[in-house]
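Inspection log for the structure reproduced underneath, given as C-alpha cells.
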2 protein chains.
Amino acid sequence: MNMAEKDTEHCEYMYVHEDVVKKVMDEMPQDEVLYDLAELFKVFGDSTRIKILYALFEAELCVCDMAQLLGLTQTAVSHQLRVLKANKLVKFRREGKNIFYSLSDDHVRSILGQGMEHIREL
Amino acid sequence: MNMAEKDTEHCEYMYVHEDVVKKVMDEMPQDEVLYDLAELFKVFGDSTRIKILYALFEAELCVCDMAQLLGLTQTAVSHQLRVLKANKLVKFRREGKNIFYSLSDDHVRSILGQGMEHIREL
DNA sequence: ATATCATATGAACAGATATTCATACGATAG
DNA sequence: CTATCGTATGAATATCTGTTCATATGATAT
C-alpha cells in the first residue's frame, strides 16, 4: 500500500484519513462547550419560543399579552418563559400584578437574524 | 375606569395591553416563517450535529472520519448528516467509495459563532 | 382578612427525536 | 460478476419535550 495515501488507520472495517482527523481533533472545542451550545440552540428550536422572542423584539410584554397575541394559553407561555429565563434570553420586571418581559441582550437578535438569512436563501 | 390606562381588552379574566399588542402583531413575521426558523434552529439543537458541524469547520471529512473523530457509530452520523443535508447546512461530493462532506456556506459559522458568544457570557 | 387577578409550578399525557440493529444500495477491485 | 467497502435507510425502542389540567403563589383592592 502506498504510504503517501491518507488512508492509514482502521475504523471498524474502514480506513480513516488520519492526518485530517488529528488536525480536526486539535481544533475542536471541548465537549462540554459543544453540549452547552446545543442546549442554547435547542431553546431557539421551538416555534412557540421563537414567537415569544419575536414578539419581545417589538415591545416589553406581560404574560397575558403574549398569550393573547400568539393564541396560546397562559400556562404554555409561562412554561416557555421559564426556559427562556433559564437561558438568560429574557429579563423581567414586576409592575403590580403584571410581570413584564423583555429581551435580555442583542445576541437574541443576532442569532435570529442569521437564521432568517439562511432560510431566505433556501 | 380611566381610559388613559392601557388595559382595555379582555383576555380570559385578565386585561391585555391592547395598543402594544396590536403594534407587535403588525410587526410579527408570518407564522410559517417563524415555524421554518424554529425548524432550522432545531437542527443546531443537538450536540451530535453541532459536533459534526464543528468538525467540518476545519476540514472536509468522510462519514467514517466523523464517526471515529466523534466516537459515534457510522449509522448515527449518517442519520444526522441526512438532517443537515435536508437543511442545506452541508454539501457533499463522492470520491470513489467515500463521500466527503463540507459546510455549505458561511451562515453556519455565523450562527454558531453568535451562539458561542452568548454562552461565553453566561 | 378575603376575594380576585396575574403568574408560576407540578404531574400526566401525547408527540417528537436520537440511537441502535438489521439490511440495502452504490462503487470498486479482483 | 462477485465480494467487499463505504454509506444510506427503515423499523423499533427509549428518552426527551411541549401542552394541558389542576393547583399554588404573590400582589392588590375592598
Side-chain angles (χ1 to χ4, degrees), chain A residues 1-2 5-7 9-17 21 35 38-52 60-87 90-101, chain B residues 1-2 5-7 9-17 21 35 38-39 41-52 60-87 90 92-101:
Chain A
M1 184 191 227
N2 181 3
E5 282 174 20
K6 290 177 178 175
D7 309 358
E9 200 175 310
H10 214 236
C11 169
E12 303 278 289
Y13 295 89
M14 298 163 274
Y15 292 90
V16 295
H17 305 86
V21 168
Y35 186 80
E39 288 304 302
L40 175 66
F41 284 117
K42 209 169 282 181
V43 178
F44 289 91
D46 174 80
S47 57
T48 299
R49 287 190 293 265
I50 288 276
K51 285 177 187 175
I52 292 174
E60 186 184 56
L61 296 168
C62 72
V63 178
C64 170
D65 288 340
M66 297 186 235
Q68 162 126 343
L69 177 60
L70 307 173
L72 300 163
T73 64
Q74 174 268 318
T75 311
V77 173
S78 205
H79 275 298
Q80 298 307 345
L81 285 170
R82 188 174 200 273
V83 177
L84 294 172
K85 272 190 284 186
N87 285 273
V90 299
K91 55 183 197 266
F92 59 97
R93 66 183 180 83
R94 177 150 227 148
E95 189 180 306
K97 283 183 266 187
N98 288 303
I99 299 182
F100 287 94
Y101 284 85
Chain B
M1 183 192 233
N2 181 3
E5 282 175 18
K6 290 178 181 176
D7 309 358
E9 199 175 312
H10 214 237
C11 170
E12 304 277 291
Y13 295 88
M14 298 165 276
Y15 292 89
V16 294
H17 305 86
V21 168
Y35 186 80
E39 288 303 303
F41 284 117
K42 209 169 281 181
V43 177
F44 289 91
D46 174 80
S47 57
T48 298
R49 287 191 292 264
I50 288 277
K51 284 176 187 175
I52 291 174
E60 186 184 55
L61 295 169
C62 71
V63 178
C64 171
D65 288 341
M66 296 186 236
Q68 163 127 341
L69 177 59
L70 306 172
L72 301 164
T73 64
Q74 174 269 316
T75 311
V77 172
S78 203
H79 275 298
Q80 298 306 344
L81 284 170
R82 189 174 199 273
V83 177
L84 295 172
K85 271 190 283 185
N87 285 273
V90 299
F92 59 98
R93 66 182 180 83
R94 178 150 227 147
E95 189 180 307
K97 283 184 265 189
N98 288 302
I99 299 182
F100 287 94
Y101 284 85

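Lettering of chains follows the sequences in order, A, B, ..., and the numbering in each one begins at 1. All heavy atoms count here, side chains included; hydrogens, waters and symmetry mates do not.
- Here A:Lys97 pairs with nothing under the side-chain hydrogen bond (donor to acceptor under 3.5 Å, both in side chains) rule; sequence neighbours left out.
- Across the protein-nucleic acid pair, A:Asp65 atom CG and C:dT7 atom C1' stand 13 Å apart, rounded to whole Å.
- Scanning for side chain to side chain contact (heavy atoms under 4.5 Å, CB included) contacts around B:Thr48 gives B:Asp46, B:Ile52, B:Leu72, B:Gln80, with sequence neighbours left out.
- We find that CG of A:Leu81 is positioned 13 Å from P of D:dG18, with the value rounded to whole Å.
- Taking atom CE on A:Met66 and atom P on C:dT7, their separation rounds to 8 Å, with Å as the unit.
- In terms of position along DNA chain D, the nucleotide closest to B:Val77 lies nearer the 5' end than the nucleotide closest to the other residue of the pair B:Val77 and A:Thr48.
- A:Asp46 places its CG atom 10 Å from the P atom of C:dT17, with the value rounded to the nearest Å.
- Picking from D:dT20, C:dA18, C:dT20 the nucleotide with the shortest atom distance to the side chain of A:Thr73 gives D:dT20.
- For the OP1/OP2 pair of C:dT19 and a distance below 4.0 Å, the side-chain nitrogens and oxygens of B:Gln80 include at least one atom meeting the criterion.
- Here the closest non-hydrogen pair linking A:Ala38 and B:Ser47 is CB-N, 3.4 Å.
- In this structure, B:His79 counts as stacked on the base of D:dT9 under the 5.5 Å centre distance and 30° plane angle limits.
- The side chain to side chain contact (heavy atoms under 4.5 Å, CB included) check on B:Ala76 picks up B:Thr73, with sequence neighbours excluded.
- Contact annotation: B:Lys85 side-chain N/O to D:dA8 OP1/OP2 distance is under 4.0 Å.
- Put simply, A:Asn98 has a side-chain N or O that comes within less than 4.0 Å of OP1 or OP2 on C:dT7.
- Ring geometry for A:Phe44 against B:Phe41 counts as tilted: the plane angle lies between 30° and 60°, on a 0 to 90° scale.
- Between A:Arg82 and C:dT9 there is a side-chain polar atom (N or O) within less than 4.0 angstrom of OP1 or OP2.
- Under the rule for a ring pair (Phe, Tyr, Trp, His ring centres under 6.0 Å), the partners of A:Phe92 that lie at least two apart in sequence or sit in another chain are A:Tyr101.
- For A:Arg93, the salt bridge (charged side-chain N to carboxylate O under 4.0 Å, His left out) partners two or more places apart in sequence, or in a different chain, are A:Glu60, A:Glu95.
- Spacing between atom CZ of B:Arg93 and atom C1' of D:dG6 amounts to 15 Å, rounded to whole angstrom units.
- B:Leu70 has its CG atom 16 Å from the P atom of C:dA18, to the nearest Å.
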Could you encode protein contacts along nucleotides 23-30 of chain C as a string, one character per nucleotide from 5' to 3', using B for base contact, S for sugar-phosphate-only contact and - for no contact, with a heavy-atom cut-off of under 4.0 Å? ----SS--

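- For A:Ile50 and D:dG18, the CD1 to C1' distance is 15 Å, given to the nearest whole Å.
- Atom CZ in B:Phe92 sits roughly 14 Å away from atom C1' in D:dG6 (whole-Å rounding).
- Of the candidates D:dT9, D:dA8, C:dT20, D:dA8 carries the atom nearest the B:Tyr101 side chain, counting heavy atoms from C-beta on.
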